[in-house]
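Keep in mind that what you see is a predicted model, and the values were worked out from it rather than measured. Below, read A as the first sequence line, B as the second, and so on, with proteins coming before strands; counting in each chain starts at 1. The analysis underlying the following values was restricted to heavy atoms, covering all of them including side chains, and did not include hydrogens, waters or symmetry mates.
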There are 2 protein chains.
Amino acid sequence: MKISTETEYFNEPLYLESGRILPSYNLVYETYGELNSDKSNAIVVCHALTGSHHAAGRYKDEVKSGWWDSLIGNDKAIDTKKYFVICVNILASPFGSTCPLDIDKTTGKEYRTKFPVVVISDVVNAQIKLFKRLGIKEAYAVIGGSLGGMQALCFAIEHPRFSKRVIMLASTYATRPWAIAFNKIAIEGIVNDPEFNGGYYDRYKIASEGLKGMAIGRMAGHISFLSPDSTLKKFGREYVETDGLYELKGRFQIDRYMEYNGHNFSKRFDPLCYLYIVKMMNIFDCTRHFDSLEDALSLIKSRLTLISFKGDMLFMPSEMEEIYKAMVKTDRKNMVEYFEIDSNYGHDAFLVETDKFDFYIKKALEWKK
Amino acid sequence: MKISTETEYFNEPLYLESGRILPSYNLVYETYGELNSDKSNAIVVCHALTGSHHAAGRYKDEVKSGWWDSLIGNDKAIDTKKYFVICVNILASPFGSTCPLDIDKTTGKEYRTKFPVVVISDVVNAQIKLFKRLGIKEAYAVIGGSLGGMQALCFAIEHPRFSKRVIMLASTYATRPWAIAFNKIAIEGIVNDPEFNGGYYDRYKIASEGLKGMAIGRMAGHISFLSPDSTLKKFGREYVETDGLYELKGRFQIDRYMEYNGHNFSKRFDPLCYLYIVKMMNIFDCTRHFDSLEDALSLIKSRLTLISFKGDMLFMPSEMEEIYKAMVKTDRKNMVEYFEIDSNYGHDAFLVETDKFDFYIKKALEWKK
């Protein structure tokens, strides 16, 4: 499988939904496989909140492969022998595309909190501009989970002719207060950490030491990625061997899991970028310019495949099912498929239990109009 | 209804499960109604994590009544014309019973982090000692929700002759990792707040300004007290009127609810006491000295009434149902009743929707052997 990482610079303004403008911007992206001669075999993969464009393959010295390596590759469900797969790092993410840590050309200083709020539609518009430059007028498919699923749905509604096949996993059509509440913990953790300094922190120090407030926020995130059942199966009431049960600081294994993941994460992700992307997730509502969900979905011309996971506590199966029902209600039963995957991994399932749904993705990709 | 608040001083050691000893201790408690001549009409009410002995009635200048005022009073489900109701503030709580802020007689200094870890069994043992002093050898009933439900179950298992009727609401027989995970956010929020200073903070400053880290932890707690459905019904995607949708700091109504409750709470509850009580909740497991839940429950001689709430995300109905099933399995179907209340309030329901279950409590209290 051929992998390459590229950066494209756009020396032109991006008009944002908020009314604000990014005067210029970068998009970094990764591709797998080869674009065919008529440029008709591109599959757009959209990444989640803390993901990146590194969706598959493994670079030298890398411990872990890309986040969907089990799905993307030669002879895998998203077969790089047949398809040219492209994953673009979203705006506001700290992994290379334009983000709050970059220099604002108009002031010569880092944007920091002056960076404009970017929404899913903006992120998708920017990607479309990139694809145009690459000569890709139409994608073979668009696919994404969680925040990536919001992007996939946005492609389907706002760029209805862009892709005949859209696959959305573990996501929602409008972020609900339950998910917003989990994000609130992260927001409060970050902004109340004195080291954050209102967004004007020492980024190199934070990158090496982490931000405790963000670690705490991420721990709350991990609760929402798991589920009552998955935590019971995975951790039970196991106690850390070296801790005393009657010590105030004694920990259960679930405590240690949260500590480990929270503190690790706070070293690999920028806190201000996190605030911007959480904002993007919170305000996502694909019905916002419409009277109803049905109205919004009535624009869709793609065949929509919806995959949810039993026990997903962040974006519940019922939220995905509502999309299915609204599609059926508007007489497009033949244009939508809905699968609820039995899983004990909660929201995390779309990343870790790919063997439970890769077949559905393969089939959705084989669909012909 | 006659209310009185009393403090009882025990100039004798309390031997704790951990092997440590409290050389002396105070218990503060409230009573409602009057103890009858043969002292057979006492109902013990057990409070939750952040509750207090002030379960009912309203004092002059008080804005809110006691936390179960809708259940306890003249002609209410727990009728103070018939019963003498007593609610004891648990050890480690900051409202008057011995806690980490008190002076350790052996050193002449405040305990702070030297305070011993206190478990549900210890809390219950201390209450039994108080009841003995008051001449109450047997209670008419014991009742409690959440952490109070753990106490009620502990009374039933470890003091099987103490009460013929035990009522447990919105609780569990062993705290599960899902609940422990929510508590972890509070623990991390508190211990990582620089103002906490390893437990040796300025308590008067914290009491007037609050501790931000605890506020964040409490916000996470509020997620677990609510539910996906209840947040959707209560807040939807309503945005704060004065905030801009595209402002990074703009908030949804759910954000404001969490801020308000989190920060208010952090001024009225002591953070070190919170750590101790969270610990008490986390390590609660009534099966710990037994081979199985059935074995633990086989000691029970009380009639057990179990009330759970649909959508309780902290202690799920299934956890309460397991207790019911284990009672039935050990041939005591006539000694147990289980009700799952249909509610949209999640865990909070045991405090706010008392009209949905007061009838079951009344009936459980009327049960005669």
Side-chain angles (χ1 to χ4, degrees), chain A residues 16-20 113 115-117 119 174-178 180-182 184-185 187-189 191-194 199 212-213 215-217 219-220 222-223 226-228 231-232 234-238 245-255 258-259 262 275-276 279 282-283 285 313 316 318, chain B residues 16-20 113 115-117 119 174-178 180-182 184-185 187-189 191-194 199 212-213 215-217 219-220 222-223 226-229 231-232 234-238 245-255 258-259 262 275-276 279 282-283 285 313 316:
Chain A
L16 304 172
E17 183 176 294
S18 65
R20 289 187 61 188
T113 63
F115 194 72
V117 163
V119 304
T175 305
R176 302 212 172 165
W178 177 253
I180 293 170
F182 277 101
K184 180 66 171 172
I185 308 300
I187 295 169
E188 289 284 313
V191 304
N192 284 308
D193 190 314
K212 279 179 183 165
I216 296 168
M219 291 182 208
H222 274 286
I223 300 178
L226 298 166
S227 77
T231 51
L232 191 61
K234 191 168 177 172
F235 306 103
R237 284 183 47 83
E238 287 305 307
L245 184 63
Y246 302 109
E247 281 167 24
L248 184 60
K249 291 183 181 173
R251 292 160 305 161
F252 287 86
Q253 290 289 359
I254 178 109
D255 292 323
M258 290 171 75
E259 274 176 27
L275 289 186
Y276 274 91
K279 179 82 190 176
N282 283 352
I283 67 179
D285 177 0
M313 297 302 297
M316 322 270 155
S318 58
Chain B
L16 304 172
E17 183 175 294
S18 65
R20 290 187 60 189
T113 63
F115 195 72
V117 163
V119 304
T175 304
R176 302 211 172 166
W178 178 253
I180 293 170
F182 278 100
K184 180 65 171 170
I185 309 298
I187 295 169
E188 288 284 313
V191 302
N192 284 306
D193 190 315
K212 278 179 184 167
I216 295 168
M219 291 182 208
H222 274 285
I223 300 178
L226 298 165
S227 77
D229 284 351
T231 50
L232 190 61
K234 190 167 177 172
F235 305 103
R237 284 184 48 82
E238 288 304 308
L245 184 62
Y246 302 109
E247 281 168 23
L248 185 60
K249 291 183 180 173
R251 293 160 303 163
F252 287 85
Q253 290 289 0
I254 178 107
D255 292 322
M258 290 170 74
E259 276 176 25
L275 289 186
Y276 274 91
K279 179 82 190 175
N282 282 352
I283 66 178
D285 177 0
M313 297 301 298
M316 322 271 156

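The most heavy-atom pairs under 4.5 Å with chain A, out of Leu16(B), Leu248(B), Asn282(B), Leu275(B), come from Leu248(B). Note on Ala181(A), Gly19(A), Ala215(A): by heavy-atom pairs under 4.5 Å with chain B, the leading option is Ala181(A). Counting heavy-atom pairs closer than 4.5 Å to chain A, the top-ranked of the candidates Glu259(B), Lys249(B), Arg20(B), Met316(B) is Glu259(B). Comparing His222(A), Glu17(A), Lys212(A) by how many heavy-atom pairs each has under 4.5 Å with chain B, the most go to Glu17(A).
In this structure, chain B has no heavy atom under 4.5 Å from any part of Asp193(A). Interface remark: Met219(A) contributes backbone and side-chain atoms alike to the contact with chain B (heavy atom separation under 4.5 Å). In this structure, chain B has no heavy atom under 4.5 Å from any part of Pro116(A). Looking at Gln253(A), neither its backbone nor its side chain comes within 4.5 Å of chain B, counting heavy atoms on both sides. For Phe252(A), the part lying near chain B is the side chain, with the backbone staying farther off; criterion is any non-hydrogen pair under 4.5 Å. Only the side chain of Val119(A) comes within contact range of chain B, with heavy atoms under 4.5 Å apart.
In this structure, Ile283(B) and Tyr246(A) have side chains that are in contact, with non-hydrogen atoms separated by less than 4.5 Å. Put simply, the side chain of Arg237(A) reaches to within 4.5 Å of the side chain of Thr175(B), judged on heavy atoms. In this structure, Met313(B) and Met313(A) have side chains that are in contact, with non-hydrogen atoms separated by less than 4.5 Å. Residues Ile223(B) and Phe182(A) form a side-chain contact, since some pair of their non-hydrogen atoms from C-beta on lies under 4.5 Å apart. The side-chain heavy atoms of Phe235(A) and Arg176(B), taken from C-beta on, include no pair separated by under 4.5 Å.
Rounding to the nearest 0.5 Å gives a distance of 7.5 Å between OG of Ser318(A) and CG of Asp229(B). In this structure, Ile216(A) CD1 and Asn192(B) CG are separated by 4.5 Å, a value rounded to the nearest 0.5 Å.
A donor-acceptor pair is defined here as one N or O able to donate and one able to accept, closer than 3.5 Å; such a pair exists between the side chain of Lys279(A) and the backbone of Gly250(B).
Annotation for Thr231(A) and Pro177(B): closest pair O-CG, 3.3 Å, computed over non-hydrogen atoms.
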query = Would Glu188(B) and Asp255(A) satisfy side-chain contact (heavy atoms from CB on, under 4.5 Å), going step by step from the backbone distance to the final call?
reply = CA-CA 10 Å; Glu188(B) 288 284 313; Asp255(A) 292 323; over 6 Å; no

